[in-house]
Amino acid sequence: MFDDVRDLYQDVILKHGRRPEHMRRLASFDATAKGDNPMCGDRVQVWVKYGADDTIAETGFEARGCAISIAAGDLMTEAVQGLNRGEVGRLFADFGDMVRTGTCPDCMGLERLKPLSGVHEYPSRVKCATLPWHALIAALDDKQEASSE
Amino acid sequence: MFDDVRDLYQDVILKHGRRPEHMRRLASFDATAKGDNPMCGDRVQVWVKYGADDTIAETGFEARGCAISIAAGDLMTEAVQGLNRGEVGRLFADFGDMVRTGTCPDCMGLERLKPLSGVHEYPSRVKCATLPWHALIAALDDKQEASSE
Amino acid sequence: MNDMSRHFDVDTIRRQFPILDQKVHGKDLVFLDSAASAQKPRAVIDAMVHAMETQYANVHRGLHWMSERTTDAYEAARDAVQGLLNAADRSEIVFTGNSTAAINLLAHSYGRAILRPGQAVLISAMEHHANIVPWQMLRDATGIELRVADITDAGELDFADFEARLADGRVGLVAITHMSNVLGTYTPVERIVRTAHAHGARVMLDGSQAVVHRTVDVQALDCDFYVFTGHKLYGPTGIGVLYGKRELLDAMPPFMGGGDMIASVSFERSTWAPVPHKFEAGTPAIIEGIGLKAAVDWVRGIGFDAIAAHEATLTEHALARLANVEGVSVVGRAQDRGGVVSFTLDQAHAHDVATLLDRQGIAVRAGQHCAEPLMRRLGLDSTARASFGIYTTTQEIDFLADTLVRVSEFFK
Amino acid sequence: MNDMSRHFDVDTIRRQFPILDQKVHGKDLVFLDSAASAQKPRAVIDAMVHAMETQYANVHRGLHWMSERTTDAYEAARDAVQGLLNAADRSEIVFTGNSTAAINLLAHSYGRAILRPGQAVLISAMEHHANIVPWQMLRDATGIELRVADITDAGELDFADFEARLADGRVGLVAITHMSNVLGTYTPVERIVRTAHAHGARVMLDGSQAVVHRTVDVQALDCDFYVFTGHKLYGPTGIGVLYGKRELLDAMPPFMGGGDMIASVSFERSTWAPVPHKFEAGTPAIIEGIGLKAAVDWVRGIGFDAIAAHEATLTEHALARLANVEGVSVVGRAQDRGGVVSFTLDQAHAHDVATLLDRQGIAVRAGQHCAEPLMRRLGLDSTARASFGIYTTTQEIDFLADTLVRVSEFFK
Ligand SMILES: Cc1ncc(COP(=O)(O)O)c(C=O)c1O
Ligand SMILES: Cc1ncc(COP(=O)(O)O)c(C=O)c1O
């Protein structure tokens with residue numbers, strides 16, 4: 001019945017959406033920020049611990065939201081490991097392109113995030129995929145809250 | 001070309017509209033009131049002098065407005081001569097019926113005002129015909145201004 | 001099958017809604033989002049087209065034929081709404097842009113000019129944002145207090161709490177929904193009005209949802225104000241209604257200024273037209289008024305008895321079917337309720353549910369439904385909501401329930 | 001015949017307006033009341049019907065196909081208006097109910113929150129009531145001063161007087177028409193903006209009339225706000241536009257509260273959505289937005305160069321013909337003027353003129369045209385007004401002039 005939504009709800013997404021591996025508050029952290037999508041009720045908080053050279057050593061998140069936003073948060077924590085602020089910004093820009101258009105030909109380092117590319121066919125769900133990123137960027141910029149889009 | 005407006009612009013109306021006989025401010029008067037139709041810019045003022053038994057001895061009016069409102073004012077001053085407040089009220093009620101519906105089968109004393117019955121085919125002009133009456137009623141009720149409809 | 005529904009043939013009704021023939025993702029459209037906005041019957045579309053094709057000009061100010069006829073057609077909408085609400089006088093019907101604009105008009109005009117600092121406005125915990133934010137803005141601008149009557153866990157007005165908040169006599173206005181857009185709950189409006197009046201408070205009812213489903217008689221209710229919005233009543237967007245008792249409207253200052261609402265204008269001082277025009281500044285939503293009249297006539301032609309019976313059947317059916325879908329919890333279990341059913345699914349978030357349903361052609365809403373405080377009160381982030389219209393069938397509800405079973409399997 | 005008008009075929013245009021085939025009192029309709037409200041081309045009617053028949057649901061909040069598609073169609077109207085005005089950003093386009101609502105929004109939000117007591121708002125003596133009364137209400141509520149720049153006897157802005165009233169630097173906002181709905185006068189908007197800015201004042205232009213007839217480029221003008229109304233631009237009733245520079249809109253508080261304009265709501269405190277949504281409370285005029293986009297696209301498809309050339313021809317023709325009708329006096333003789341011609345007739349009052357013209361099928365307006373102070377300034381009680389649209393022909397103007405000769409004979 002739902003064959004045509006498999007692009008969106010790929011097994012990876014369902015797995016990460018159902019049993020996120022990084023859904024936790026870090027015991028010790030350097031930065032944290034919240035994100036809110038009040039139109040739909042999604043909420044996320046991200047915690048970051050820095051390692052050497054201001055690169056990200058560890059990330060954790062908590063979210064109340066749909067499978068897409070939880071999977072996006074979970075995959076994000078893996079993808080940003082070891083990156084610095086500038087690198088995260090660039091990765092998010094590429095990721096944004098991908099979830100909006102479905103592809104990102106010149107993008108590097110998106111392999112892990114690729115399962116989310118199906119979101120582009122569901123314009124109203126794009127926000128779900130980007131919400132944890134907005135919160136992460138806010139945390140890295142020492143803000144407490146992601147600005148609403 | 002304008003045969004079909006002859007019901008509205010009967011010769012009597014054109015005559016009274018062009019050369020009203022009672023268009024004047026009374027030198028001495030007992031009551032006066034203004035009426036205003038701001039949507040279209042019509043303005044009228046009515047002066048009244050009472051005779052015996054609180055009946056109307058004399059009425060004068062000034063108006064800036066269309067042929068209909070001026071003729072209506074002029075014919076009104078003639079029709080209300082000798083009437084008291086109650087009689088004027090009843091006459092105005094009958095007159096109102098006539099200009100809205102075109103006839104007033106059970107009405108008395110409307111002979112003089114009959115030429116205005118053509119107004120009923122022009123709903124937006126009904127106000128022009130009733131404006132001087134509103135001002136007269138206001139004057140008889142010791143108000144300074146007719147309330148807008 | 002009762003008497004009503006024998007006369008009510010949903011297939012005949014459906015044929016009057018062109019959009020219901022549309023396919024969505026290759027599937028038949030199953031439109032279960034009427035509480036957000038209803039679809040438009042041919043009668044409404046035709047009335048608007050007829051106006052634009054044969055009889056249109058600006059209203060109220062013209063001496064020419066087109067303007068007079070358009071004015072008549074537009075003002076006939078006021079008569080139609082007067083009839084719909086059984087208002088005592090046509091001048092008690094004020095047209096606005098939607099319910100939200102009607103409540104804002106009231107909050108600005110009645111709120112700032114008639115209510116006094118020290119007084120309070122009392123709303124409930126299950127209001128739509130449209131009936132929260134304007135009062136909040138009034139509070140923040142004037143110091144008028146905003147009180148909130150709680151609801152029970154069943155999703156009904158907590159009447160004891162409501163009455164307690166009226167007790168000190170400082171509530172000047174009760175502004176409360178007639179039917180919740182999330183829970184489907186009808187509020188006990190007769191009792192609300194009686195109690196509020198006994199405590200010296202005026203009452204505004206937000207009828208955005210209720211007016212679509214039942215007969216509303218503002219004189220029998222004795223409410224002071226009533227608002228609704230055209231687009232939920234199968235009418236056009238861009239038009240709403242504020243009903244107010246004549247003496248209250250007379251005492252209120254205008255909200256917006258401009259053409260059509262004045263008696264005279266000079267730079268020093270302007271005077272206002274009598275109600276309802278005092279509150280209708282500028283060129284009105286003429287074509288929308290004409291469409292709204294068509295909607296009101298059409299709905300009344302079917303009759304609220306038949307509509308209510310049909311929707312009661314649908315709602316019972318939906319509650320019964322959803323109760324049998326594993327993992328589905330219906331939110332709210334009010335005794336007196338209408339055709340709006342919010343639910344959650346254990347295995348999946350409301351958004352995921354909505355997306356999967358959509359792929360089968362089923363349109364439901366998911367989220368907070370412009371009622372964030374209610375969601376918080378219920379301890380929920382979001383729900384999915386199926387809402388029924390005059391054109392909804394039990395088969396569509398069956399399809400929803402069957403599909404939900406598959407959705408919950410998908411996410412298991 | 002110049003280059004423009006060669007491409008512009010009025011017969012082709014007329015065929016797109018179904019209403020122009022109507023008879024009035026058995027005569028062909030000659031609609032010379034477009035400045036009050038314009039007729040609707042097939043493209044606009046079709047766009048609205050198409051939405052209602054095939055693609056309709058509430059916007060912004062839905063996850064389902066119908067809602068997403070309707071949101072796209074509605075938001076495309078914002079892009080269309082951004083293009084029309086050449087605004088820098090789509091978020092600078094705020095939808096309102098009409099021009100009047102747009103000016104009231106500005107008066108409430110900018111007027112009460114940004115202007116300070118001691119500051120003044122400067123309007124002109126030839127404003128429509130929509131651009132007088134809101135400022136008057138602001139003055140009476142807050143003590144902000146209202147100043148009026150005079151006009152010359154020719155019906156142009158008295159620029160020396162305008163500048164003198166700016167001299168003390170206390171004017172916070174200039175709110176002035178871009179084109180008079182009575183005199184047809186265009187105001188020198190570039191110069192107005194430059195001068196106002198030099199004196200520290202922001203500028204709002206009332207483009208209700210102007211936007212129909214010429215290209216408007218808000219960035220080139222550098223005006224701070226610009227308003228217009230859909231129904232005069234061949235679009236639907238029930239929708240208008242406030243353009244504002246982004247940083248100004250960002251700094252302004254919301255006007256009305258409700259759904260769609262919030263970021264989050266709690267009973268204690270709500271936060272606002274970013275512009276433009278902050279100013280768009282409640283369900284928007286969705287179908288009207290879609291119709292407005294069709295109107296904008298249609299008008300731009302014809303092109304303002306062609307429109308302006310056609311209307312200039314009509315206006316010159318009308319002024320020449322009316323000058324030869326005994327007893328007719330045209331009111332206003334501005335150098336830069338558009339297709340609106342007000343006149344009086346010695347022998348008859350404007351109402352009588354309008355009624356007689358109407359019987360020949362000619363629709364003109366008569367009265368004060370929602371500009372009572374201007375009438376007083378001109379020493380007039382009322383005028384008749386013929387106003388031209390894209391579909392007006394020189395033959396229609398000839399018929400007007402010929403009929404006026406007969407009217408004046410009738411009343412002689
Ligand atoms: C110059 C001008 N400003 C404002 C308005 C008001 O437009 P609306 O009635 O659509 O709000 C009009 C038209 O009536 C107008 O001509
Ligand atoms: C209960 C209730 N009140 C108010 C509204 C606001 O209606 P509108 O958006 O048409 O102003 C709605 C619908 O959105 C509603 O359901």
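Since the structure is predicted, the reported quantities are computational estimates derived from the model, not experimental observations. In what follows, every chain begins at residue 1, and chains take the letters A, B, ... in the order their sequences are listed.
Contact of the C:P373 side chain with the D:V265 side chain is registered, since non-hydrogen atoms from C-beta on lie closer than 4.5 Å. Within the 4.5 Å cutoff, the side chain of C:D260 has no heavy atoms near those of the D:H129 side chain. At a threshold of 4.5 Å between non-hydrogen side-chain atoms, the residues D:H64 and C:I362 do not count as touching.
Of all heavy-atom pairs spanning C:T237 and D:E288, the tightest one is OG1-OE1, 2.6 Å. Smallest separation of non-hydrogen atoms from C:N98 and D:A281: ND2-O, 3.7 Å. Here the closest non-hydrogen pair linking C:G257 and D:T100 is O-CG2, 3.2 Å. Residues D:V133 and C:M261 share a closest heavy-atom pair of CG1-SD, 4.2 Å.
With sequence neighbours excluded, no residue satisfies salt bridge (Lys or Arg N to Asp or Glu O under 4.0 Å) with D:E68.
Interface remark: C:I132 contributes side-chain atoms only to the contact with chain D (heavy atom separation under 4.5 Å). Heavy atoms of C:A38 lying under 4.5 Å from chain D belong exclusively to its backbone. In this structure, the portion of D:S67 lying under 4.5 Å from any heavy atom of chain C is its side chain and not its backbone. When heavy atoms are compared at a cutoff of 4.5 Å, C:P284 approaches chain D solely by way of its backbone atoms N, CA, C and O. Within the 4.5 angstrom heavy-atom criterion, no atom of C:I103 approaches chain D. Residue C:M137 touches chain D through its side chain alone, counting heavy-atom pairs closer than 4.5 Å. Residue C:F255 touches chain D through both its backbone and its side chain, counting heavy-atom pairs closer than 4.5 Å. Both the backbone and the side chain of C:E53 come within less than 4.5 Å of a heavy atom of chain D. Using a 4.5 Å cut-off between heavy atoms, C:Q136 touches chain D through its side chain atoms alone.
Note on C:G97, C:A371, C:S270, C:P254: by heavy-atom pairs under 4.5 Å with chain D, the leading option is C:S270. Across D:E127, D:H128, D:R42, the residue that shares the most heavy-atom pairs under 4.5 angstrom with chain C is D:R42. With chain C as the partner, the residue from D:R112, D:R69, D:R139 showing the most heavy-atom pairs under 4.5 Å is D:R139. Put simply, of C:L63, C:D140, C:D21, the one with the most heavy-atom pairs under 4.5 Å next to chain D is C:L63. The most heavy-atom pairs under 4.5 Å with chain D, out of C:E268, C:M256, C:K40, C:R269, come from C:M256. Each of C:G282, C:P236, C:A125, C:A101 has some count of heavy-atom pairs under 4.5 Å with chain D, and the biggest count is that of C:G282.
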Could you give me the CA-CA distance, side-chain angles and deciding distance for D:M66 and C:L29, then say whether side-chain contact (heavy atoms from CB on, under 4.5 Å) is met?
-> CA-CA 9 Å; D:M66 277 289 172; C:L29 170 65; 3.9 Å; yes
D:I45 and C:M48: side-chain contact (heavy atoms from CB on, under 4.5 Å), yes or no, with the steps?
-> CA-CA 9 Å; D:I45 302 171; C:M48 295 170 75; over 6 Å; no
C:T229 and D:T283: side-chain contact (heavy atoms from CB on, under 4.5 Å), yes or no, with the steps?
-> CA-CA 9 Å; C:T229 193; D:T283 302; 5.6 Å; no
Under the side-chain contact (heavy atoms from CB on, under 4.5 Å) criterion, do D:F267 and C:I123 qualify, and how do the steps go?
-> CA-CA 10 Å; D:F267 290 125; C:I123 63 175; 3.8 Å; yes
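Side-chain N or O atoms of C:S37 include none that pairs as donor or acceptor with a backbone N or O of D:A57 at under 3.5 Å.
Residues of residues 353-360 of chain C placed with any heavy atom under 4.5 Å of a heavy atom in chain D are listed by number as C:A354, C:D358.
Between the NE2 atom of C:H231 and the CD1 atom of D:I287 there is a distance of 9.5 Å, given to the nearest 0.5 Å.
Between the side chains of D:S264 and C:E372, no donor N or O sits under 3.5 Å from an acceptor N or O.
Taking the six-membered ring for Trp and the full ring otherwise, D:Y56 and C:Y234 have centroids separated by 6.0 Å or more.
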